[in-house]
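Okay, so here's the structure we're looking at.
The sequence lines fix the lettering, A, B, ..., with proteins before strands; numbering per chain opens at 1.
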Protein chains: 2
Amino acid sequence: IKKQNIDANMEAAMEYNPESFGTVQMLYINCSVNGHPVKAFIDSGAQTTIMSEVCAKRCNIMRLVDQRWAGIAKGIGTQKILGRVHMVQLEIEKVFLASSFSILQEQAMDMLLGLDMLKRHQMVIDLQRNVLQIGTTNTSTRFLCDAELPECTRLTQGSDL
Amino acid sequence: IKKQNIDANMEAAMEYNPESFGTVQMLYINCSVNGHPVKAFIDSGAQTTIMSEVCAKRCNIMRLVDQRWAGIAKGIGTQKILGRVHMVQLEIEKVFLASSFSILQEQAMDMLLGLDMLKRHQMVIDLQRNVLQIGTTNTSTRFLCDAELPECTRLTQGSDL
């Protein structure tokens with residue numbers, strides 16, 4: 001009987017929500033940090049905006065890393081935080097926002113825009129219009145389509161939560 | 001000279017973005033699953049909507065878990081996925097949405113609303129108005145304030161990314 005219930009439940013889901021069995025494309029936007037183009041992952045579940053060491057080197061901001069903020073990041077396994085860049089210019093659609101970054105040593109993702117920045121700039125993650133809107137500057141930028149996503153995501157997407 | 005740059009950068013940040021040194025309160029909403037009240041974490045960085053085994057028992061939906069979808073969840077350490085509930089009624093502000101859940105064995109958080117549901121129901125995470133809006137049903141619900149957050153978050157918040 002349990003098996004029958006489960007099968008009926010799956011059939012109903014397949015009929016009414018067939019897309020729930022597909023994979024979901026994650027949210028990324030184009031931006032620039034210190035003049036260097038970066039694809040940023042939009043994560044309302046992350047407390048802090050972070051950047052990988054590799055990306056920070058490419059953006060030439062490693063000289064600003066304050067090692068007094070070094071530590072260990074939890075929640076995504078355990079990673080070494082090299083320090084914090086307190087303020088750097090983040091450009092989205094030609095509008096500049098001041099952003100702070102925690103710099104993580106080993107991190108496949110270049111940059112993750114976390115809830116600190118999302119809240120500070122009163123952003124709106126709009127999945128109806130498929131854009132990220134920035135309340136404080138009244139600009140918006142569209143989420144990237146599959147072909148524009150960075151390599152690292154496409155490799156792990158299937159197995160990632 | 002490097003040290004001076006970093007100090008100047010920190011002073012500027014403290015002057016212009018003092019709130020960037022505080023902790024950020026995460027996003028939760030009130031909802032009901034199968035008639036049982038649950039506080040759901042809103043996470044645009046998660047591909048899948050999940051529920052802990054403890055919470056699934058409380059909501060009386062363990063009988064619907066399809067073990068053919070069992071596996072291992074990566075990305076938040078490694079966790080055992082017990083299976084998938086294909087379709088269950090999720091109530092937000094008296095409006096019902098069909099939702100699927102992956103059930104995780106060891107998970108401190110009761111429920112996490114991931115990008116699959118956020119996209120399917122054209123939701124809008126609005127940090128300007130501090131609400132979650134559901135595009136398909138045209139309803140909205142406010143994000144919970146600090147005193148309403150579940151216990152587990154308040155304990156880990158400081159150290160979590």
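- No other option in B:Asp43, B:Leu64, B:Asp66, B:Ile125 has as many heavy-atom pairs under 4.5 Å with chain A as B:Ile125.
- Between B:Ile50 and B:Met111, every side-chain heavy-atom pair lies at or beyond the 4.5 Å cut-off.
- Contact count against chain B (heavy-atom pairs under 4.5 Å) is highest for A:Arg84 among A:Arg68, A:Lys3, A:Arg84, A:Arg63.
- Between B:Leu113 and B:Leu90, the closest side-chain pair of non-hydrogen atoms falls below 4.5 Å.
- Between A:Phe41 and A:Tyr28, the ring planes lie tilted relative to each other; the angle falls in the 30° to 60° range.
- Note: A:Leu115 leads A:Val65, A:Leu115, A:Asn130, A:Thr136 in heavy-atom pairs under 4.5 Å with chain B.
- For the options A:Leu27, A:Asn5, A:Val85, heavy-atom pairs under 4.5 Å to chain B are most numerous at A:Leu27.
- Residues B:Thr137 and B:Glu93 are not in side-chain contact: their nearest non-hydrogen atoms beyond the backbone lie 4.5 Å or more apart.
- Checking B:Thr48 against B:Asp116 by side-chain atom types alone, no donor-acceptor pair falls below 3.5 Å.
- Under the salt bridge (charged side-chain N to carboxylate O under 4.0 Å, His left out) criterion, A:Lys80 pairs with no residue at all, not counting sequence neighbours.
- Contacts between A:Arg129 and chain B at a heavy-atom distance below 4.5 Å are absent for every atom of the residue.
- Between chain B and the residues A:Lys119, A:Gln122, A:His86, A:Gln67, the largest count of heavy-atom pairs under 4.5 Å involves A:His86.
- Annotation: maximal heavy-atom pairing with chain A below 4.5 Å, among B:Asn9, B:Leu118, B:Ile42, occurs at B:Asn9.
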query = Given B:His36 and B:Ile61, is the side-chain contact (heavy atoms from CB on, under 4.5 Å) satisfied, shown in steps?
reply = CA-CA 10 Å; B:His36 296 75; B:Ile61 58 171; over 6 Å; no
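- Interface summary for chain B: among A:Asp126, A:Asp7, A:Thr49, the most heavy-atom pairs under 4.5 angstrom belong to A:Asp126.
- Neither the backbone nor the side chain of A:Glu11 comes within contact range of chain B; no heavy atom of the residue lies under 4.5 Å from a heavy atom of that chain.
- Only the backbone of A:Met123 comes within contact range of chain B, judged by heavy atoms closer than 4.5 Å.
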